[in-house]
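Structure first, commentary second.
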Amino acid sequence: MRDREHPRLRPHRNRQRPHRQRLLADWQAAADRWNVLGERAAGHGLKLYTHNHDAAYNFLLDSGPLDAQGRPTASSGVRRLEWFLENTDPNYVYLEMDIYWAHVAQYRFQSFTAADGSVVADVFDPAGLVSQQTTRFPLFHAKDGLFTETGYSITPFGQGNIDFTTFFQRVGAKGYHNSMYEQDNAASVPAPASPALSMQNAASSYTNLAALRG
């Protein structure tokens, strides 16, 4: 069924799919809808969160030459989720940052093509983004990762090299945020896979996450 206030939008079963859109018009539609849904949720005493992966931190296509369909092909340097934060109501729309995927974005999206065709270097700062509007991020997925020359891979918490201590120090609002351990590959990493490995990883990860309190 179409949403009456936004007839062009349909609900998505996959909550990650909207974040893969690259165009300003798509994000404008998403922001409009999230503002409406967030207000409705607040009316029932609930908070509405959006959870995202690395694609949400890529650069928005919002300027430059238009393609054959009239769509922009270059960026002003604004990242998709940055634009979303600026154009959604802080009273109604909140975010749950997945710290691992934010660091994947830091590795993957380090430059954008400007309207004049030049390539501009711009490295993403996950903790910096949160610190600008820290109360918009009540929740975190505390997922660890090991960085090598080929990128990041998910590990049990405390076995990667993401600097969570510095991250939590920089985001501010001590005691406000709630971090939840998550490991997508908990049943198989580290090898060998076993039926008990998920519980073992959960136990060790809890211990390592709890050690960051202070």
Side-chain angles (χ1 to χ4, degrees), residues 1-62 75-106 109 124-143 157 164 167-184 206 209-210 212-213:
M1 181 176 69
R2 290 178 183 265
D3 186 278
R4 290 185 178 179
E5 281 126 327
H6 303 286
R8 288 171 33 191
L9 295 178
R10 295 179 182 271
H12 292 278
R13 292 182 183 274
N14 182 345
R15 62 180 175 175
Q16 306 299 339
R17 190 174 300 164
H19 291 152
R20 294 175 181 164
Q21 302 302 318
R22 305 178 64 192
L23 301 174
L24 176 59
D26 295 319
W27 282 84
Q28 179 66 68
D32 290 345
R33 184 166 189 179
W34 276 82
N35 280 329
V36 170
L37 296 178
E39 185 173 8
R40 290 178 183 173
H44 295 279
L46 302 173
K47 285 185 176 180
L48 186 67
Y49 296 82
T50 174
H51 173 72
N52 45 273
H53 285 191
D54 52 325
Y57 302 107
N58 200 349
F59 295 97
L60 192 66
L61 294 183
D62 59 356
S75 178
S76 64
V78 175
R79 295 178 188 271
R80 301 169 191 177
L81 204 66
E82 291 174 337
W83 190 95
F84 184 82
L85 276 166
E86 292 298 322
N87 289 275
T88 49
D89 192 323
N91 297 306
Y92 298 133
V93 181
Y94 300 87
L95 294 93
E96 178 190 51
M97 175 182 276
D98 187 308
I99 300 171
Y100 169 84
W101 287 112
H103 282 79
V104 171
Q106 183 182 61
F109 309 122
F124 177 53
D125 179 7
L129 174 64
V130 176
S131 66
Q132 292 171 14
Q133 299 189 56
T134 190
T135 57
R136 299 287 300 275
F137 293 85
L139 303 178
F140 293 123
H141 272 184
K143 182 188 303 178
F157 193 92
F164 284 92
F167 178 89
F168 289 128
Q169 289 173 345
R170 290 185 59 206
V171 298
K174 183 178 179 180
Y176 173 79
H177 307 281
N178 293 282
S179 299
M180 296 170 286
Y181 154 72
E182 183 185 48
Q183 184 186 341
D184 301 20
Y206 171 80
L209 182 58
L212 295 179
R213 292 174 178 165

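Scope of the values below: all heavy atoms of this structure, side chains included, with no hydrogens, waters or symmetry mates.
- Leu209 and Ala142 make their closest contact through CD1-CB, 4.1 Å (heavy atoms, listed as atom of the first residue, atom of the second, distance).
- Ring geometry for Phe84 versus Trp27: interplanar angle over 60°, hence perpendicular rather than tilted (30 to 60°).
- Side-chain atoms of Glu82 and Leu129, non-hydrogen and from C-beta on, do get closer than 4.5 Å to each other.
- Note that CZ of Arg40 and OH of Tyr92 are 13.0 Å apart. Values are rounded to the nearest 0.5 Å.
- A 4.5 Å side-chain heavy-atom check between Trp101 and Asn52 finds every atom pair outside the cut-off.
- Gln28 and Asp32 are linked by a side-chain donor-acceptor pair at a separation below 3.5 angstrom, with hydrogens and angles left out of the test.
- From Gln106, atom CD reaches atom CZ of Phe124 across 8.0 Å, with rounding to the nearest 0.5 Å.
- No side-chain heavy atom of Leu37 sits less than 4.5 Å from a side-chain heavy atom of Val93.
- Minimum interatomic distance between Leu48 and Ala41 (heavy atoms only, all atoms of both residues): CB-CB, 4.3 Å.
- Shown here for Arg80 and Ala55, the closest heavy-atom pair between the two residues is NH1-O, 3.0 Å.
- Remark: Asp98 CG to Asp184 CG distance equals 7.5 Å, nearest 0.5 Å.
- Residues Pro126 and His103 form a side-chain contact, since some pair of their non-hydrogen atoms from C-beta on lies under 4.5 Å apart.
- A 4.5 Å side-chain heavy-atom check between Lys143 and Tyr181 finds every atom pair outside the cut-off.
- A donor-acceptor pair under 3.5 Å is absent between the side-chain atoms of Ser75 and the main chain of Leu61, judged by distance alone.
- At a threshold of 4.5 Å between non-hydrogen side-chain atoms, the residues Leu139 and Tyr49 count as touching.
- Residues Phe167 and Phe140 bring their aromatic ring centres within 6.0 Å.
- Shortest non-hydrogen contact noted between Leu85 and Arg136 is O-NH1, 3.1 Å.
- The cationic atom of Arg79 (NZ for Lys, CZ for Arg) lies less than 6.0 Å from the six-membered ring centre of Phe59 and within 45° of the ring axis.
- The distance from atom CD of Gln133 to atom OH of Tyr94, rounded to the nearest 0.5 Å, is 11.5 Å.
- Under the 6.0 Å cut-off for aromatic ring centres, Phe164 and Phe157 qualify, their centroids lying closer than that.
- Not a single donor-acceptor pair under 3.5 Å links the side chain of Glu182 to the backbone N or O of His141.
- The shortest distance between side-chain heavy atoms of Met180 and Glu96 falls below 4.5 Å.
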Exercise for the section: Let me see the working for Phe168 and Leu212 under side chain to side chain contact (heavy atoms under 4.5 Å, CB included), right down to the final yes or no. Expected result: CA-CA 9 Å; Phe168 289 128; Leu212 295 179; 3.9 Å; yes
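- For the residue pair Asp62 and Ser76, a side-chain donor N or O sits within less than 3.5 Å of a side-chain acceptor on the partner.
- Distance CG/Leu81 to CG/Leu95: 5.5 Å, rounded to 0.5 Å.
- Between Arg170 and Asp125 there is a side-chain heavy-atom pair separated by less than 4.5 Å.
- Counting heavy atoms of neighbouring residues, nucleotides and ligands inside a 6.0 Å radius, atom OH of Tyr176 exceeds 12 of them.
- The distance from atom CG of Leu60 to atom CG of Leu23, rounded to the nearest 0.5 Å, is 7.5 Å.
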